[in-house]
Amino acid sequence: MMTTGTDAGTIAGTTRPRRAVIDGAWRAIGPGVEVFSGDDGGPLRRTIKRIIDPLVLRLRSNTHYSAPFVTADVAAAMHTQIVDCGPQLRAAAAWFELLKQQRRRLRITTGNAQELYFPVCFELAVTKGAPAEGDQDAAQAVLRDIHSDRDRTAIEVLNQYIGEPDVVDTLADQLARSWQDIRAGDDATASFFDGLTVALGSAEGHRAQVARQRVWTTLTRDATPYNLGAKARDPSVDLPWSIRGLGLSVAEPQQPPTVVGGADGDRPLDRTVVARVRATLRRALDRDELPDIPLLCAEEVDRSCAPWGLLAEDKQAAMVAGIEVAVDLAPLAPSSTARYPVAERIQARLRKEAYVLHARRYLADNGPLHPRQRQVVDDLAAFARPYLSRLWARLHGRDVWQEPCDDVDDLHSLLEGVARSVSLDHRQRIKAMLELQVAG
Amino acid sequence: MRLLADSGLWTTGTHTEALPLVAVLEVSGAVLSWIVDERDRDADIAFTDVVRADWLWRVLGADGHAALSDAVAERAPQPSEALELTGIDVAADRLTPLRRLALGHWMRRWWPASRRDGIAVLDAALLDAEIAVLTANAEEFFTDDTFDSEIVGLLRPHGPALSAHAALGDTRVAALVDACADLASDLGVDVGQHSPLAASTRRDDYALAAGAEHNTGRDGVIAAGTSSINWGGVPPGVFDAAEDTVTWSVRADTDIVECHVHAELSGFGSPAGIPAIVRTGSLGGRGELGADGRARLAVVDAHSKPVSVSAAWDGDWRSTVVTIGVDVEESAATRERVRAFARARLTDPGDDAFLAELIAAESDY
């Protein structure tokens with residue numbers, strides 16, 4: 001056994017865990033924010049997720065605040081930022097109390113109060129200060145607005161638009177033209193896959209990290225992902241994988257999607273244009289304004305025709321990287337056959353997560369514990385399909401909102417995060433099938 | 001502290017205890033495990049993702065957290081590698097609430113309820129309610145949703161059962177039910193709906209009643225015996241957790257040879273559809289238990305052909321193996337350790353006792 005030593009003293013003081021920084025700053029605010037705090041006085045996880053990160057630290061613009069470890073300077077800046085917001089946070093806490101009180105009065109029982117109301121409370125605190133006598137009406141109005149189902153409103157606008165004469169026909173014409181426009185080039189693909197072994201590799205130390213980033217940047221401009229996606233429609237070409245086997249499409253080669261209706265499959269590349277737009281609207285809840293529906297539809301037609309159903313090259317590259325990782329994942333397999341370090345890491349985690357099921361008596365020796373679980377356990381063995389389905393949905397969202405996928409660390413987080421959520425989802429289904437049995 | 005490589009992950013320890021003795025908890029970025037009857041033993045912390053384990057500073061201190069993260073970031077462990085982190089120690093007391101939570105989850109799945117052994121059933125609603133409250137109190141360990149972060153599913157089925165409990169006037173129960181009501185209201189859980197648990201009748205009695213009609217004396221009995229269930233091969237809440245609860249008899253009441261299998265039940269789960277397999281030498285049979293815990297298996301030979309009565313008489317039934325559920329490895333000694341642990345908790349409840357245990361202990365004996 002080889003042993004390597006690390007001395008805590010050599011690192012102490014240079015970096016601090018961001019959660020510890022936030023926790024310390026929170027306690028410095030003092031009393032008045034108890035509804036946002038846990039029993040131990042630290043901020044609740046939703047306080048961080050819904051208020052501190054997005055609204056106080058504003059991670060979207062202050063990306064240096066988002067690292068898991070921060071330098072002493074950044075820690076000090078974060079501390080100040082949070083403590084300076086003390087008055088607003090106290091006012092927001094008062095709003096939350098009021099909203100909860102009015103929630104009970106209005107007999108609203110749906111939705112997670114923290115998740116839904118926390119950001120609104122902070123906004124109210126910033127715009128109106130602390131709630132005043134007689135602000136019950138304002139609170140009720142806020143609650144009615146929150147619970148009015150904004151996404152349904154947006155989807156109704158979409159349905160109305162699609163119902164207008166000629167809209168579907170026009171989009172269908174555009175789709176036919178767009179589909180014809182996509183042609184695969186003949187560029188060699190070997191260098192792309194060589195590059196992937198670096199981009200999906202580990203990088204110890206700064207130089208290795210810079211090199212890995214450089215490789216990924218090159219890959220996001222490589223023609224290979226586009227070409228492979230385009231070739232998925234060509235019956236005469238053999239891809240390295242089967243899009244049918246990957247669960248991306250029921251047909252092989254891939255057929256053009258339709259605008260509405262038709263054989264609307266649940267596979268990502270088979271979904272209708274309207275279904276894709278609907279998904280966008282559902283995910284757009286947190287956005288301030290509703291997007292322009294006709295524009296969104298027209299753009300989605302082009303996107304649905306683009307290779308992998310994604311317009312931007314970096315999303316297409318991420319999709320191919322994801323496919324390469326996905327085919328190596330098998331949560332119930334005893335050993336790993338992963339070709340990429342990222343896949344190996346994910347696979348090691350998936351096995352541990354399967355062990356939790358095993359230790360909790362939801363699985364027996366990695367097989368179903370009850371015949372009723374057979375189907376979901378088989379699904380878990382075919383991990384690539386739900387994995388790619390979810391990855392595609394995430395990339396689709398980023399493609400719509402033009403959020404980049406050009407940072408290699410971000411790519412890794414994405415690939416790992418998708419595995420985490422698919423695994424969780426799956427395990428909850430396995431658990432539910434067994435508990436159903438017990439209750440039945 | 002020391003980190004070891006284990007199947008591609010870093011871990012603080014690698015116990016080798018059998019699953020029925022292991023309490024696990026999946027937190028953000030790590031899976032923690034404890035041995036239920038070894039209270040002084042430290043948790044094994046297996047890191048599934050050190051970066052996501054943003055609670056580590058709470059148990060290692062900020063410097064310890066940074067040092068550990070630096071040591072293992074971007075470093076896949078090589079087989080049998082070990083990493084010594086000098087001057088970093090786990091503050092075990094910070095993990096105490098997590099151990100209790102893990103134990104609660106363990107009780108939901110492995111509590112060895114047995115009428116035969118006199119180990120009382122734990123009230124599912126009270127146990128789940130207490131786990132829900134503990135989960136909410138440990139939320140700083142669940143930045144990511146994990147298998148164990150969910151509270152809604154623990155509360156949703158138990159609304160009516162909890163209200164019924166609260167009405168009985170036990171102040172401890174009332175306090176727990178109040179805490180759950182607050183949680184449910186904040187989380188938007190509708191706990192008013194029909195509960196399958198509350199609706200269940202005590203099916204034990206029904207199983208007993210159903211048992212009588214089958215015992216038709218020893219006529220035509222070729223061989224008979226008893227066997228035990230491996231807990232890890234069957235769902236919890238279905239079978240009595242004592243040893244030797246499976247009785248079987250090979251019979252030729254007509255000219256068809258059958259093996260009658262009966263597994264004693266306990267709890268509210270249905271055994272319907274759970275496989276029952278009997279094997280001795282080249283003879284055997286397989287089928288499924290019915291809702292009464294019984295099965296009649298046609299005895300067949302190595303070619304899956306029904307055996308004649310005389311062939312059945314010639315069979316060596318002394319080494320008969322009966323498998324209920326999935327065929328898993330599990331020792332009777334492991335199960336005995338679990339029973340001893342459960343009995344000790346009921347007889348002498350410690351400061352980490354769950355309300356469901358206290359009430360089971362008070363009401364049963």
Side-chain angles (χ1 to χ4, degrees), chain A residues 1-9 11-20 38-40 42 44-45 68-69 104 109-114 202-204 336 341 344-345 347-349 351-353 355-356 358-361 364-365 367 369-372 416 420 424 427-428 434 437-440, chain B residues 7-9 19 22 24 26 31 46 48-49 51 54-57 62-67 69-71 74-76 80-88 105 109-110 137 139-140 142-147 185-188 190 196-197 232-237 268-270 273-274 325-326 328:
Chain A
M1 182 176 282
M2 66 174 166
T3 301
T4 335
T6 303
D7 192 343
I11 298 150
T14 56
T15 64
R16 296 202 63 205
R18 79 181 292 270
R19 277 298 301 264
D39 282 354
D40 67 344
L44 292 167
R45 90 191 235 227
F69 290 91
R104 278 193 292 275
T109 54
T110 56
N112 184 312
Q114 296 177 353
S202 298
E204 260 190 86
S336 165
E344 207 166 342
R345 194 157 63 223
Q347 173 69 8
R349 266 174 218 158
R351 279 202 308 268
K352 193 73 189 179
E353 290 168 352
Y355 167 83
V356 172
H358 199 187
R360 284 281 173 71
R361 213 173 166 184
D365 284 356
L369 189 55
H370 191 280
R372 193 178 231 150
E416 293 175 19
R420 193 164 55 237
L424 181 58
R427 293 182 297 145
Q428 276 164 342
L434 196 58
Q437 184 270 329
V438 167
Chain B
S7 313
L9 301 176
L19 288 178
V22 182
V24 297
E26 187 178 311
V31 173
T48 47
D49 190 343
V51 179
D54 61 359
W55 44 269
L56 260 179
W57 59 276
D63 292 345
H65 185 178
S69 173
D70 264 20
E74 289 282 345
R75 256 193 77 187
S80 71
E81 189 181 1
L83 209 55
E84 201 65 52
L85 299 172
T86 322
I88 300 176
H105 280 292
R109 312 298 301 167
W110 295 104
N137 289 343
E139 63 129 52
E140 64 268 30
F142 297 111
T143 301
D144 286 336
D145 287 337
T146 80
F147 195 62
S185 131
D186 283 357
L187 295 171
D190 180 12
L197 278 174
V234 296
F268 301 112
S270 169
I274 291 177
V326 183
V328 297

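Quick note on labels: first sequence line is chain A, next is B, and so on, each numbered from 1. Side-chain atoms are counted along with the backbone in the values below, which use heavy atoms only and exclude waters and symmetry mates.
Between chain B and the residues Gly42(A), Gly111(A), Pro341(A), Pro68(A), the largest count of heavy-atom pairs under 4.5 Å involves Gly111(A). When Glu416(A), Glu353(A), Gln347(A) are compared by the number of non-hydrogen pairs under 4.5 Å with chain B, Glu353(A) comes out ahead. The candidate from Gln114(A), Arg427(A), Glu204(A) with the greatest count of non-hydrogen atom pairs under 4.5 Å with chain B is Arg427(A). Highest contact tally toward chain B, considering only Ala364(A), Ala20(A), Ala113(A), is held by Ala20(A) [criterion: heavy-atom pairs under 4.5 Å].
Under a 3.5 Å cut-off, the side chain of Arg16(A) and the backbone N or O of Ala62(B) do not form any donor-acceptor pair.
Taking the side chain as every heavy atom from C-beta outward, Phe69(A) and Val51(B) never approach each other to under 4.5 Å. Contact check for Arg351(A) versus Ser7(B): side-chain heavy atoms found under the 4.5 Å cut-off. Counting heavy atoms from C-beta on, the side chains of Arg109(B) and Leu434(A) come closer than 4.5 Å. Taking 4.5 Å as the limit, some side-chain heavy atom of Arg361(A) sits within range of a side-chain heavy atom of Val234(B). With contacts defined as side-chain heavy-atom distances shorter than 4.5 Å, the pair Arg420(A)/Asp49(B) qualifies. The side-chain heavy atoms of Asn112(A) and Asp186(B), taken from C-beta on, include no pair separated by under 4.5 Å. For the pair Asp54(B)/Arg18(A), no side-chain contact is recorded, criterion being any heavy-atom separation below 4.5 Å from C-beta on.
For a residue to count as touching a neighbouring chain, one of its non-hydrogen atoms must lie under 4.5 Å from one of that chain's; by this rule Trp110(B) touches chain A with backbone and side chain alike. With a 4.5 angstrom heavy-atom cutoff, Val328(B) touches chain A via backbone and side-chain atoms both. Within the 4.5 angstrom heavy-atom criterion, atoms from both the backbone and the side chain of Ser202(A) approach chain B.
Closest approach of Leu369(A) to Gly233(B), counting heavy atoms only: CD1-C, 3.3 Å. Scanning all heavy atoms of the two residues, the minimum distance from Thr146(B) to Leu424(A) falls at C-CD1, 3.4 Å. Shown here for Gly8(B) and Ala348(A), the closest heavy-atom pair between the two residues is O-CB, 3.8 Å.
Distance check, rounded to the nearest 0.5 Å: CD of Glu140(B) to CG of Asp40(A) gives 5.0 Å. Atom NE2 of His370(A) and atom CD1 of Ile274(B) lie 4.5 Å apart (nearest 0.5 Å). The line from CH2 of Trp57(B) to CZ of Arg19(A) is 7.0 Å long, rounded to the nearest 0.5 Å. Note that the OG1 atom of Thr15(A) and the CG atom of Asp63(B) stand 8.0 Å from one another [nearest 0.5 Å]. In this structure, NZ in Lys352(A) is found 9.0 Å from OG1 in Thr48(B), a value given to the nearest 0.5 Å.
Ion pair Arg360(A)/Glu26(B) not flagged as a salt bridge, since none of the NZ, NE, NH1 or NH2 atoms sits closer than 4.0 Å to an Asp/Glu carboxylate oxygen.
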Worked check of salt bridge (Lys or Arg N to Asp or Glu O under 4.0 Å) between Arg45(A) and Asp145(B):
CA-CA 11 Å; Arg45(A) 90 191 235 227; Asp145(B) 287 337; 2.4 Å; yes
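In this structure Phe147(B) satisfies the ring-ring contact (aromatic ring centres under 6.0 Å, His included) test together with Tyr362(A), sequence neighbours excluded.
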